[in-house]
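In the text below, chain A, chain B and the rest are named by the order of the sequence lines, each starting its count at 1. Predicted, not measured: the structure shown is a model, and the values here were computed from it.
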Amino acid sequence: MQNLLHNLNPEQLAAVTLPAQSALILAGAGSGKTRVLTTRIAWLIQTGQISPGGILAVTFTNKAAKEMQTRLSAMLPINTRGMWIGTFHGLCNRLLRAHHRDAGLPQTFQILDSGDQLSFIKRLLKANHIDDEKFPPKTLMYFINSAKDQGLRAAQVDASDDFNRKMVGLYDLYDAQCQREGVVDFAELLLRTYELLSRNQPLREHYQERFRHILVDEFQDTNDLQYKWLKLMAGAGNRRPNAVFAVGDDDQSIYAFRGANVGNMTAFEREFEVQNLIKLEQNYRSHGHILDSANILIANNSKRLGKNLRTDAGHGEPVRVMEASSDIQEANWIIDEAKNLIREGSARSEIAILYRSNAQSRVIEHALFTANIPYRVYGGQRFFERAEIKHAIAYLQLMDNPHNDSAFLRVVNFPTRGIGARSIEQLQDAARLHHISLYAAVPHVAGKAGSALANFVRLIEGARFETQNLPLPEMVRVVLDMSQLLVHYQTEKEGADRIENLEQLVNAAVLFVSEEGFNKEAPAFTGPAVRQPVLLTNGANDVIIDADAALPTVMSPLSAFLSHASLEAGDNQAQAGQDAMQLMTVHSAKGLEFDAVFITGLEEGLFPHENSAQEEAGLEEERRLMYVAITRARKRLYLSFSQTRMLHGQTRYNMRSRFFDELPDESIKWLSPKVQPSWFGQKKSAWDEVPMAGVNQIAQNFSQTSAQQSWRVGQNVEHAKFGEGVIVNIEGSGTNARAHINFGKFGMKLLDLSIAKLEKI
DNA sequence: ATCCTTTAGAGATCA
DNA sequence: TCTAAAGGAT
């Protein structure tokens with residue numbers, strides 16, 4: 001135990017050793033949050049307060065869950081696989097597999113990822129003759145997901161108008177169709193588990209009895225349903241509720257757009273009767289100037305729980321700011337600076353370039369490519385989302401659950417086997433008529449189409465029969481072969497990569513089987529600390545087997561592998577291993593850290609993004625996003641913006657981001673003059689290519705006042721009412737000249753240049 | 001069944 | 001400007 005608590009600072013120590021009550025840990029960026037979480041678990045176990053089976057640790061990402069597992073197994077001499085550490089969705093999947101009957105699901109229910117869900121909805125709309133112009137699939141999907149994220153079924157959603165009433169009706173149809181096909185979407189995993197435990201008292205009490213300690217990572221990212229789920233698991237309101245150890249940072253809440261509700265933090269304090277709110281404010285990551293910048297910036301937000309990071313490191317380097325004339329010049333500047341850093345000994349992988357939106361990566365990538373610098377872009381297509389992998393998975397899905405119509409449609413004619421749109425229509429009609437799945441409807445289709453379809457069914461049945469006694473990797477290999485997928489890609493010109501990926505799928509199965517313990521005869525978890533499965537009986541005389549943390553006890557290798565494919569889409573394996581510069585959005589940088597960080601495109605409209613800047617809440621989230629970006633940097637931080645930028649095929653003239661005005665002057669070093677340089681006498685740059693519409697005429701007509709009034713596109717101006725703006729376009733001339741001026745938060749204005757009181761700045 | 005043209009839409013993410 | 005997806009032509 002000495003070792004465990006060794007080197008913790010007083011706040012961390014206090015958090016780790018809190019009594020068994022609910023607690024809220026406000027963990028600032030770089031304050032050792034994960035360390036506190038894992039040490040807390042280890043300490044609870046080591047001091048005998050709880051057995052490993054009594055721990056429930058919830059994260060949002062697989063990466064975070066894995067990280068916890070790894071760190072814990074380094075701290076404790078036990079097999080951590082027996083512990084319930086996972087994502088909300090992963091844990092719900094386990095519970096639903098173990099109690100599928102009580103949850104009203106087939107044992108082999110399958111999980112729709114967001115792509116599957118969208119095509120499912122499109123299919124649903126088509127089958128019900130709904131105009132997808134009036135009811136766009138994406139809108140419906142968002143409607144359904146956000147209702148589920150709030151824990152609401154169709155019947156519980158308030159429908160104020162015709163449109164919403166229709167949406168609610170479609171939500172209901174959607175759920176019914178999912179149920180028929182034996183598929184669940186991501187939100188359903190949580191909602192179904194929540195409903196299961198709400199209504200099934202013995203089950204609820206069993207798990208409440210078991211998980212005496214619940215730990216939650218990134219608590220600020222929880223949505224309403226996840227919060228309710230935690231309340232239920234903890235038995236909040238019970239005589240003896242379980243201890244929920246919630247770790248989060250309200251200043252890093254950047255996922256409101258996907259349903260996260262920071263308000264859960266204050267609700268948690270109240271409803272879980274939190275006695276202990278501990279703030280981790282000691283930062284072990286960033287140098288002083290960087291931290292000061294973050295602190296001063298975030299102080300502009302009004303709704304905060306309040307927290308100020310401090311560091312023992314010195315001030316370090318000032319934050320460097322660059323104003324570029326164009327996005328291209330901005331990229332080139334970044335590369336020059338990065339080259340300097342590399343020359344001074346930085347690893348390329350320790351340099352990150354962050355941007356607000358993905359589209360910005362283009363220009364930077366181009367510059368990096370030209371400069372021949374290796375780089376890695378985060379957030380591309382992931383392994384299990386590739387088309388060929390989805391196809392292979394669809395065959396496996398059909399073998400495990402033939403009623404999955406999405407899987408059926410994906411591969412019924414791939415590789416092509418003469419089953420065209422007409423045959424499919426016939427089949428869909430038959431399925432609708434009998435309220436059965438496409439697979440089950442095949443015998444109802446007669447003629448040539450019918451026999452082709454029957455062959456397909458025979459193929460699936462044959463594959464199932466052939467592989468029933470094979471280990472999973474073998475099964476995958478046989479299916480690749482029998483489905484003709486391999487042959488198909490072998491004959492295709494560009495198929496080599498795809499075949500490679502399909503072979504990777506076999507490897508993934510090998511890896512999965514050994515990691516989850518499916519390759520062993522005996523249960524993987526035999527340590528004394530792991531509790532044995534418990535038998536329960538519910539009212540209907542069914543035996544319920546307590547869900548164990550290990551997958552082999554609750555599902556077949558194939559089912560488990562298929563859920564794995566949906567729940568963990570795999571890395572977007574971009575040239576991993578290489579020492580490459582890191583490119584990513586600010587969102588995907590959360591949780592990471594680098595020696596040097598470039599935050600680019602700091603312009604009004606981009607960052608803060610125009611869609612957010614309208615409302616205060618949106619602006620505050622953008623500011624938190626900026627806070628996250630700043631706190632990624634250890635030693636060097638660079639900020640940049642550009643006077644012109646190509647966006648959607650048009651040149652945009654943005655003002656510099658308001659966030660610059662919220663940073664401490666003494667920590668900032670402007671590499672470019674802060675005031676706009678005068679237009680004349682500039683060296684040749686992208687500026688010179690800016691269209692000069694009207695500028696010349698205006699210049700000839702300045703007699704009415706003075707030379708001061710020669711306006712140009714790109715000129716920064718100040719208006720008494722609208723504040724700072726930038727001239728985007730000038731039309732007309734002389735006393736008729738009018739200009740479109742972008743005033744940022746006040747939007748675009750068309751002003752008469754001879755009337756408006758404008759000052760150059 | 002495949003290829004080509006047209007069109008709409010372009011913020012961020014994880015499971 | 002670029003991309004993806006849908007619709008139309010061969």
Side-chain angles (χ1 to χ4, degrees), chain A residues 58-65 86-93 111-119 122 126 132-133 136-138 142 145 148-149 184-191 193 217-218 221-223 225-226 229 252-260 327 354-363 366 378-382 384-385 387 413-423 488 492 563-572 584-591 601 605-614 618 621-622 624-626 628-629 645-652:
Chain A
V58 199
T59 65
F60 278 87
T61 65
N62 292 300
K63 201 175 153 201
T87 62
F88 277 103
H89 297 85
L91 297 169
C92 287
N93 183 40
I111 302 164
L112 300 178
D113 67 25
S114 37
D116 299 334
Q117 192 187 14
L118 187 61
S119 32
K122 285 178 182 167
K126 200 165 273 173
D132 60 4
E133 303 258 298
K138 285 200 177 128
Y142 178 80
N145 288 339
K148 289 190 181 187
D149 283 343
V184 300
D185 59 52
F186 285 129
E188 182 73 22
L189 284 170
L190 276 116
L191 183 52
T193 309
D217 191 17
E218 305 277 16
D221 289 341
T222 51
N223 64 32
L225 177 57
Q226 285 157 342
W229 190 96
Q252 292 190 67
S253 159
I254 55 172
Y255 285 118
F257 71 90
R258 69 175 197 208
D327 46 356
L354 311 185
Y355 34 80
R356 173 68 237 266
S357 58
N358 286 307
Q360 288 168 253
S361 77
R362 275 187 98 75
V363 180
H366 178 77
Y378 279 61
Q381 203 186 29
R382 309 204 297 184
F384 285 106
E385 285 164 0
N413 197 33
F414 190 94
T416 51
R417 42 176 77 87
I419 300 172
R422 288 293 294 275
S423 313
H488 176 261
E492 201 175 62
S563 18
H564 168 79
S566 304
L567 292 175
E568 192 165 354
D571 286 334
N572 42 312
M584 67 196 81
T585 63
V586 180
H587 280 94
S588 44
K590 183 162 162 233
L606 250 190
F607 199 178
H609 195 272
E610 50 202 353
N611 297 357
S612 303
Q614 314 305 325
E621 178 140 323
E622 293 289 303
R624 291 192 291 269
L625 197 50
M626 181 66 183
V628 167
R645 178 176 302 278
M646 262 313 224
L647 198 66
H648 304 327
Q650 277 179 331
T651 308
R652 302 226 323 195

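At the heavy-atom level, A:Asn93 lies nowhere under 4.0 Å from the strands shown.
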Walk along nucleotides 10-15 of chain B from 5' to 3' and tag each nucleotide B, S or - by protein heavy-atom contact under 4.0 Å, base first, then sugar-phosphate.
BBBBBB
Produce a footprint string for nucleotides 5-10 of chain C: one letter per nucleotide, 5' end first; B if the base is under 4.0 Å from any protein heavy atom, S if only the sugar-phosphate is, - if neither.
-S----
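Using modelled atom types, no side-chain atom of A:Arg356 and backbone atom of A:Leu606 make a donor-acceptor pair closer than 3.5 Å. One N or O on the side chain of A:Glu622 and one on the backbone of A:His609 form a donor-acceptor pair closer than 3.5 Å. Side chain of A:His488 to backbone of A:Phe414: no donor-acceptor contact under 3.5 angstrom is found. A distance-only check finds no donor-acceptor pair linking the side chain of A:Asp132 to the backbone of A:Pro136 [under 3.5 Å].
Distance NZ (A:Lys138) to C1' (B:dG9): 9 Å, rounded to an integer number of Å. When the P atom of C:dT1 is taken as reference, atom NE2 of A:His366 falls 15 Å away, rounded to whole Å. Rounded to whole Å, the distance from CD on A:Gln360 to P on C:dT1 is 19 Å. Taking atom CG of A:Leu647 as the reference point, atom P of C:dT3 lies 14 Å away to the nearest angstrom.
In the displayed structure, A:Tyr142 atom OH is contacted under 6.0 Å by at most 12 heavy atoms of other residues, nucleotides or ligands.
Ionic pairing of A:Asp221 and A:Lys590 is present here: one or more N-O contacts between side-chain nitrogen and carboxylate oxygen are shorter than 4.0 angstrom.
With 3.5 Å as the limit, one finds a donor-acceptor pair spanning the side chains of A:Ser357 and A:Gln360.
Comparing the same atom, P, in C:dA4 and in B:dG11 gives a spacing of 15 Å after rounding to whole Å. Rounded to the nearest Å, the gap between the C1' atom of B:dC14 and that of C:dT3 is 23 Å.
Residues A:Ile111 and A:Asn93 meet the side-chain proximity criterion, which asks for heavy atoms closer than 4.5 Å. Looking at A:Ile254 and A:His587, their side chains come closer than 4.5 Å, going by heavy atoms from C-beta outward. Annotation: side chain of A:Gln226 is in contact with side chain of A:Phe60 (closest heavy-atom distance under 4.5 Å).
Pairs of Watson-Crick or G-U wobble type, with distances under 3.5 Å, assemble into runs of 3 or more in DNA chain B at these ranges: B:1-10 with C:1-10.
Using cut-offs of 30° and 60° on the angle between ring planes, the pair A:Phe88 and A:Trp229 is perpendicular.
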